[in-house]
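Take a look at the structure set out below.
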Amino acid sequence: MTTNISKNPEATAKAFADYLVEKQAQVNRLNIALSGGSTPKLLFSLLAEKYLDKIDWSKFQFYWGDERCVAPTDDQSNFKMTNEHLFTRVPVPKENIHRVFGENDPMDEAERYGLLIKENLPSVNGLPEFDIVMLGLGEDGHTASIFPHQLELFNESSVCSVATHPESGQKRVTLNGPTINNAKEVCFLVTGAGKAEKVNEIFNYTGKWQNYPAAHIKPTHGQIAWFMDKAAANDLK
Ligand code: 6PG
């Protein structure tokens with residue numbers, strides 16, 4: 001495990017952007033699952049503004065670790081956010097963007113998206129292997145769209161499931177735990193004081209850590225890296 005602690009969210013985004021520059025330089029093709037959330041938004045803007053020429057955008061194949069079941073024009077859509085902040089500003093070939101069709105029936109879409117990922121990615125141990133899965137940490141310990149009341153998604157051998165947000169009831173399509181844990185690298189991007197308590201519980205196996213989906217992210221053969229700011233790492237003992 002590697003832990004990278006930066007001074008603020010902007011510096012955290014920069015640390016991860018530099019990591020991406022390094023990774024893409026080593027390969028010809030990189031399958032990445034993106035996440036939604038506030039730090040990725042900063043990251044995408046930073047990539048568009050400062051990394052346009054530092055990255056060979058055609059090497060990336062973009063997928064999502066989770067998506068809200070809404071139209072791609074909806075402000076809740078992770079695709080919409082990424083499209084506005086990144087894809088419309090850098091030369092990514094359209095065919096390298098594999099979005100979740102949030103506007104479709106959630107069950108049908110979870111199946112379609114899982115099959116697409118299976119077809120496109122190399123298979124390792126019977127599951128697709130992403131090069132990088134980007135994750136966030138929710139204040140309730142969720143990650144991707146695996147929430148504490150759906151920990152059974154860590155026992156799902158299919159690639160994707162339909163998840164339900166515990167408060168809004170919004171449906172999401174999410175990668176299941178085993179596929180996330182089958183990645184070459186899993187990277188958490190976590191910023192803000194609201195995450196500090198959970199980060200400490202997860203790192204030190206204290207409190208209710210077992211209830212937090214993020215604590216069950218343990219790559220079977222890959223690496224895990226935490227990119228955090230000082231505020232998120234503040235309670236670490
Ligand atoms: C989503 C996410 C989700 C997110 C966390 C943290 O689409 O909502 O993928 O898992 O990463 O909720 O979000 P923040 O970085 O905004 O705190």
Side-chain angles (χ1 to χ4, degrees), residues 4-6 8-17 32-46 62-72 74-86 98-102 106 109-110 113 130 132-151 153-154 160-177 179-181 183 186-199 201-202 211-217 224-234:
N4 182 307
I5 301 173
S6 305
N8 55 31
E10 287 74 18
T12 306
K14 181 177 183 306
F16 187 72
I32 185 168
L34 303 174
S35 76
S38 53
T39 317
K41 193 191 270 187
L42 277 177
L43 169 75
F44 299 149
S45 295
L46 177 74
F62 292 101
Y63 296 85
W64 275 264
D66 70 322
E67 179 60 286
R68 293 95 189 263
C69 294
V70 295
D74 192 298
D75 285 341
Q76 286 270 313
S77 162
N78 283 338
F79 167 77
K80 182 183 184 201
M81 186 275 276
T82 314
N83 198 40
E84 282 177 4
H85 291 268
L86 184 65
H98 310 277
R99 76 171 180 91
V100 177
F101 298 143
E109 183 55 14
Y113 202 59
F130 278 101
I132 299 176
V133 174
M134 248 174 87
L135 294 174
L137 170 68
E139 290 188 14
D140 59 355
H142 80 257
T143 193
S145 280
I146 309 181
F147 295 93
H149 71 283
Q150 286 189 301
L151 280 173
L153 299 187
F154 278 90
C160 292
S161 285
V162 178
T164 309
H165 189 278
E167 279 138 37
S168 64
Q170 182 186 57
K171 300 280 185 220
R172 311 266 182 102
V173 170
T174 188
L175 289 180
N176 288 320
T179 294
I180 298 175
N181 281 331
V186 177
C187 299
F188 275 96
L189 260 79
V190 183
T191 59
K195 312 291 170 72
E197 192 185 343
K198 293 286 184 296
V199 167
E201 288 179 319
I202 292 167
N211 296 348
Y212 310 146
H216 298 273
I217 299 298
I224 185 162
W226 285 74
F227 292 83
M228 290 187 276
D229 70 347
K230 267 197 196 152
N234 196 42

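Here the structure is a predicted model, which means the values were calculated and not measured. Both counts, for ligands and for their atoms, begin at 1 and track the order of listing. Only this structure's heavy atoms are used, side chains among them; waters, hydrogens and symmetry mates stay out. Throughout, numbering of the chain's residues begins at 1 and tracks the sequence.
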Proximal atoms of ligand 1 relative to G37 (non-hydrogen, under 4.0 Å): 13 (O), 14 (P), 15 (O), 16 (O)
I'd like to check whether D66 has a polar contact with ligand 1, where a contact means an N/O of the residue lying under 3.5 Å from an N/O of the ligand. yes
Do the non-hydrogen side-chain atoms of Y212 and I202 ever get within less than 4.5 Å of each other? yes
How far is atom 16 (O) of ligand 1 from the closest protein heavy atom, and which atom is that? S38 N, 2.8 Å
Does a donor on one side chain sit under 3.5 Å from an acceptor on the other, for T191 and D229? no
Keeping E67 on the side-chain end and T174 on the backbone end, is there a donor-acceptor pair under 3.5 Å? no
Can you name the one residue among L175, I32, I180 that meets side-chain contact (heavy atoms from CB on, under 4.5 Å) with F130? L175
Heavy-atom contact under 4.0 Å between R68 and ligand 1? yes
Please list, in number order, the atoms of ligand 1 under 4.0 Å from a heavy atom of G136. 11 (O)
Answer with yes or no whether K195 contacts ligand 1, where contact means a heavy atom under 4.0 Å from a ligand atom. yes
Closest candidate by heavy atom, reference atom 3 (C) of ligand 1, pool E139, M134, H142: H142
Polar contacts were defined as any N/O atom of the residue lying under 3.5 Å from an N/O atom of the ligand; does this apply to G36 and ligand 1? yes
Below 4.5 Å, heavy atoms only, C-beta onward: do E84 and K80 meet side chain to side chain? yes
Name the closest protein heavy atom to atom 7 (O) of ligand 1, giving the residue it belongs to and the distance to 0.1 Å. N78 ND2, 2.9 Å
So if I count the atoms of ligand 1 from 1 in the order they appear, which ones are less than 4.0 Å from some heavy atom of S35? 9 (O)
Just wondering, do E109 and V100 contact through their side chains at under 4.5 Å, heavy atoms? yes
Which of the atoms in ligand 1, numbered in the order shown and given with their element, are less than 4.0 Å from a heavy-atom of R172? 8 (O)
Heavy-atom contact check, 4.0 Å cutoff: does K41 meet ligand 1? no
Identify, by atom number and element, the atoms of ligand 1 in contact range of L137, meaning under 4.0 Å from any of its heavy atoms. 6 (C)
Which word best sums up how the rings of W226 and F188 line up, parallel for under 30°, tilted for 30 to 60°, or perpendicular for over 60°? parallel
Run the numbers on C187 and F227 for side chain to side chain contact (heavy atoms under 4.5 Å, CB included), then give the verdict. CA-CA 7 Å; C187 299; F227 292 83; 4.2 Å; yes
A144, P9, P213: member with heavy atom nearest to atom 10 (O) of ligand 1: A144
Is the ring pair F147/H142 parallel, tilted or perpendicular, if the boundaries are 30 and 60 degrees? tilted
